*Asks:* 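Let me give you the structure first, and then I'll get to my questions.
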Amino acid sequence: MLKENESLTTEFILSGFMDHPELKFLLFVVFFTIYMITMVGNLGLVTLIFMERHLHTPMYIFLGNLALMDSCCSSAITPKMLENFFSEDRIISLYECMAQFYFLCLAETTDCFLLAAMAYDRYVAICHPLQYHSMMSKKLCIQMTTAACIAGGLHSMIHVVLLLRLTFCGSNQIDHFFCDILPLYRLSCTDPFLNELMIYIFSMPIQIFTIVTVLISYLCILFTISRMKSKEGRGKAFSTCASHFLSVSIFYICLLMYIRPFEEGDKDIPVAIFYTIIIPLLNPFIYSLRNKEVKNVLKKRMKNYDILKQNSSSIAN
């Protein structure tokens, strides 16, 4: 009877940030501000790319989908975290927990494939500029983006289905600020061997494939740039891939720090904050502030808005 009752745990307590209750208001303001900037930055970038026809190129299609996935990642984590700063029980149901993990895993897996696709796009643009439109057609770009989203969805679903086979007993306190896969394994009274095996069968090959794709693409890019005789050509080639290289470096450094072997402790939380909250905040700025096309389109849109506003004011008067 006791064993049957133990298997019916359907709620968890998210205990992340409980160590410093005196800082909860400050943390709420900081993370709420980050969340609002993240959503405005990413969804603004998606809207800009969607509305501007000459940005309907492979690089910007990938970038728009990356921004959409960053919005998904941030929305999966931050609202519940903000609610918990002022919640007395900090409870999350099992199915809410699964939904949170599903959308986080979907966003991060899709990001991996999109960053690899963007690296390949930069490789074609720099190493094979004359064949760019045939090697990286709009149709191929859409197919790669669709495949990335489907792969992300399937990968997430596999882990969620396997998590639902586990039973949870004893403590229901998750030592984190969101439902992540490793803290859930630690609470399981069912052997998570099969779940861990699926990480090595599915998750690790995804990471290896995407990292190798990025590395090979950039090695070819560096080799091509080193053979360029013109300083202007080298500078232009570097500026073409600088934003993506910075973004992919930050992403994979954090990812590799976060998916260490199954360790216990609070070391996950600082890396998880950077991985799930700070990177989605930084990406729109990395890609926008260093991108002349995006800045020019943004200036044009703001100028058109000012003209429209002035015309409306003059008509009203």
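Model, not experiment: these values are computed from the prediction.
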*Asks:* Where do Tyr185 and Leu163 land on the side chain to side chain contact (heavy atoms under 4.5 Å, CB included) test, with the steps shown first?
*Replies:* CA-CA 8 Å; Tyr185 288 174; Leu163 280 170; 3.8 Å; yes
*Asks:* Less than 4.5 Å apart, side chain to side chain, heavy atoms only: is that true for Ile174 and Ser15?
*Replies:*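 Ile174 vs Ser15: side chains apart.
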*Asks:* Would you confirm whether Asp111, through its side chain, and Met69, through its main-chain N or O, come within 3.5 Å as a donor-acceptor pair?
*Replies:*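 Absent.
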*Asks:* For a 4.5 angstrom cut-off between non-hydrogen side-chain atoms, does Leu104 reach Gln100?
*Replies:*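 Contact flag for Leu104/Gln100 side chains = no.
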*Asks:* Would you compute the distance between atom CD1 of Ile279 and atom CD1 of Ile250 and round it to the nearest 0.5 angstrom?
*Replies:*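 With rounding to 0.5 Å, CD1 (Ile279) is 6.5 Å from CD1 (Ile250).
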*Asks:* Hey, what's the ring geometry for Phe17 with Phe31, parallel, tilted or perpendicular (30° and 60° as the breaks)?
*Replies:*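 Phe17 and Phe31: tilted rings.
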*Asks:* Rounded to the nearest 0.5 Å, how far apart are CE of Met136 and CE of Met144?
*Replies:*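 Going from the CE atom of Met136 to the CE atom of Met144 covers 4.5 Å.
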*Asks:* Taking all heavy atoms of Ser217 and all of Ala119, pick out the closest pair and write down the distance.
*Replies:*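 Of all heavy-atom pairs spanning Ser217 and Ala119, the closest is CB-O, 3.6 Å.
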*Asks:* In this structure, would Leu197 and Val160 fall into the same cluster of hydrophobic residues linked by side-chain contacts under 4.5 Å?
*Replies:*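 As far as the 4.5 Å side-chain criterion goes, Val160 and Leu197 are not connected within one cluster.
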*Asks:* Ignoring hydrogens and angles, tell me if any N or O in the side chain of Ser188 forms a donor-acceptor pair with the backbone of Leu184 under 3.5 Å.
*Replies:*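 No, the answer is negative, given that no donor and acceptor are paired below the 3.5 Å cut-off.
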*Asks:* Can you check whether Asn283's main-chain N or O pairs, donor with acceptor, with Ser247's side chain at less than 3.5 Å?
*Replies:*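 It does not hold such a pair.
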*Asks:* Step by step, would you call Asp121 with Tyr132 a side chain to side chain contact (heavy atoms under 4.5 Å, CB included)?
*Replies:* CA-CA 9 Å; Asp121 176 71; Tyr132 180 78; 2.5 Å; yes
*Asks:* If you round to the nearest 0.5 Å, how far is OH of Tyr60 from SG of Cys141?
*Replies:*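 Answer rounded to 0.5 Å: 13.0 Å.
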*Asks:* What distance separates Ile208 CD1 from Leu215 CG, expressed to the nearest 0.5 Å?
*Replies:*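 Rounded to the nearest 0.5 Å, the CD1-CG separation comes to 12.0 Å.
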*Asks:* Should the heavy atoms of other residues, nucleotides or ligands under 6.0 Å from CD of Glu22 be counted, would the total exceed 12?
*Replies:*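 Count over threshold, so yes.
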*Asks:* Sequence neighbours excluded, which residues qualify as ring-ring contact (aromatic ring centres under 6.0 Å, His included) partners of Tyr218?
*Replies:*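 For Tyr218, the residues satisfying ring-ring contact (aromatic ring centres under 6.0 Å, His included) (neighbours in sequence not counted) are His244, Phe245.
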*Asks:* Is the shortest heavy-atom distance from the side chain of Leu27 to the side chain of Lys24 under 4.5 Å?
*Replies:*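 When only atoms from C-beta onward are counted, Lys24 and Leu27 do not touch, as no gap falls below 4.5 Å.
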*Asks:* For the cysteines Cys97 and Cys179, is the SG separation below 2.5 Å?
*Replies:*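 In this structure, Cys97 and Cys179 share a disulfide.
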*Asks:* Please say whether more than 12 non-hydrogen atoms of neighbouring residues, nucleotides or ligands are located less than 6.0 Å from CZ in Phe28.
*Replies:*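 More than 12 within 6.0 Å, yes.
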*Asks:* Looking only at heavy atoms, which two atoms of Leu162 and Asn195 are closest? And how far apart?
*Replies:*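 Answer, listing the atom of Leu162 first, then Asn195: O-ND2, 3.0 Å.
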*Asks:* Tell me the closest heavy-atom pair linking Ala148 and Thr110, and the distance in Å.
*Replies:*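 Answer, listing the atom of Ala148 first, then Thr110: O-OG1, 3.6 Å.
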*Asks:* Under 6.0 Å from the CZ atom of Phe86, do we count more than 12 heavy atoms belonging to anything else shown?
*Replies:*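 Atom CZ in Phe86 is crowded, with more than 12 foreign heavy atoms closer than 6.0 Å.
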*Asks:* Is the number of heavy atoms from other residues, nucleotides or ligands within 6.0 Å of CD (Glu232) greater than 12?
*Replies:*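 Not more than 12 within 6.0 Å, no.
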*Asks:* Tell me if a side-chain donor or acceptor on Asp180 pairs with a main-chain N or O of Leu182 at a distance below 3.5 Å.
*Replies:*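 Not a single qualifying donor-acceptor pair exists.
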*Asks:* Does the side chain of Met118 come within less than 4.5 Å of Tyr287's, by heavy atoms?
*Replies:*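 Yes, side chains in contact.
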*Asks:* Does the side chain to side chain contact (heavy atoms under 4.5 Å, CB included) test come out yes or no for Leu66 and Phe62, once each step is laid out?
*Replies:* CA-CA 6 Å; Leu66 186 71; Phe62 290 137; over 6 Å; no
*Asks:* Could you check whether any side-chain N or O of Ser74 sits under 3.5 Å from a backbone N or O of Ser71, counting only pairs where one atom can act as donor and the other as acceptor?
*Replies:*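 Not at all, since once roles are kept as given, no pair shorter than 3.5 Å links the two residues.
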*Asks:* If we only count heavy atoms from C-beta on, is the Ile199 to His159 side-chain gap below 4.5 Å?
*Replies:*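 Yes, at least one pair of side-chain atoms sits under 4.5 Å.
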*Asks:* Taking the side chain as every heavy atom from C-beta outward, state whether Asp175 and Pro183 have any atom pair closer than 4.5 Å.
*Replies:*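 Asp175 vs Pro183: side chains apart.
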*Asks:* Could you tell me how the ring of Phe50 sits relative to the ring of His56: parallel (under 30°), tilted (30 to 60°) or perpendicular (over 60°)?
*Replies:*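 The rings of Phe50 and His56 sit tilted, inter-plane angle from 30° to 60°.
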*Asks:* Does Leu115 belong to the same Ile/Leu/Val/Met/Phe/Trp/Tyr cluster as Ile142, with side-chain heavy atoms less than 4.5 Å apart forming each link?
*Replies:*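 Unlinked, Leu115 and Ile142 end up in two clusters.
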*Asks:* Looking at Tyr123 versus His128, is the centre-to-centre ring distance below 6.0 Å?
*Replies:*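 Ring centroids of Tyr123 and His128 are less than 6.0 Å from each other.
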*Asks:* Any heavy-atom pair between the side chains of Met81 and Leu14 that's under 4.5 Å?
*Replies:*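 A side-chain contact is absent here, since even the closest heavy-atom pair is not under 4.5 Å.
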*Asks:* Hey, does the side chain of Arg90 reach the backbone of Ile13 with a donor-acceptor pair shorter than 3.5 angstrom?
*Replies:*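 Not confirmed, Arg90 side chain does not pair with Ile13 backbone.
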*Asks:* Of the non-hydrogen atoms in Leu106 and Gly152, which two are nearest, and what is the gap between them?
*Replies:*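 Nearest heavy atoms, Leu106 then Gly152: CD1-C, 3.6 Å.
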*Asks:* Do you know the tightest heavy-atom contact between Cys220 and Cys127?
*Replies:*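 Taking Cys220 first and Cys127 second, the nearest heavy atoms are O-SG, 3.5 Å.
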*Asks:* For Phe251 and Cys112, what are the C-alpha separation, side-chain angles and deciding distance, and is it a side chain to side chain contact (heavy atoms under 4.5 Å, CB included)?
*Replies:* CA-CA 9 Å; Phe251 180 85; Cys112 287; 3.6 Å; yes
*Asks:* Using the rule that two of Ile, Leu, Val, Met, Phe, Trp, Tyr join whenever any of their side-chain heavy atoms come within less than 4.5 Å, decide whether Ile221 and Val212 are in one cluster.
*Replies:*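 Per the 4.5 Å side-chain linkage, Ile221 and Val212 are not co-clustered.
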*Asks:* Are Val29 and Leu82 connected, step by step, through hydrophobic side chains (Ile, Leu, Val, Met, Phe, Trp, Tyr) whose heavy atoms are closer than 4.5 Å?
*Replies:*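 Yes, Val29 and Leu82 fall within the same hydrophobic cluster.
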*Asks:* Measure the CD1-CD1 distance between Ile201 and Ile206 for me, rounded to the nearest 0.5 Å.
*Replies:*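 It is 12.0 Å, given to the nearest 0.5 Å.
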*Asks:* Drop me the distance from Leu282's CG to Ile277's CD1, to the nearest 0.5 angstrom.
*Replies:*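 Going from CG on Leu282 over to CD1 on Ile277, the span is 12.0 Å.
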*Asks:* Is the backbone of Gln207 close enough, under 3.5 Å, to the side chain of Thr210 for a donor and an acceptor to pair up by distance?
*Replies:*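 Flag set: sc Thr210 to bb Gln207 pair under 3.5 Å.
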*Asks:* Any side-chain heavy atom of Phe12 within less than 4.5 Å of one from Asn172?
*Replies:*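 The answer is yes; the side chains approach within 4.5 Å.
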*Asks:* Determine whether Leu26 and Leu281 fall in the same hydrophobic cluster, where Ile, Leu, Val, Met, Phe, Trp and Tyr are linked whenever their side-chain heavy atoms lie under 4.5 Å apart.
*Replies:*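 Yes, Leu26 and Leu281 fall within the same hydrophobic cluster.
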*Asks:* Taking all heavy atoms of Ser75 and all of Met39, pick out the closest pair and write down the distance.
*Replies:*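 That closest heavy-atom pairing would be OG-CE, 3.4 Å.
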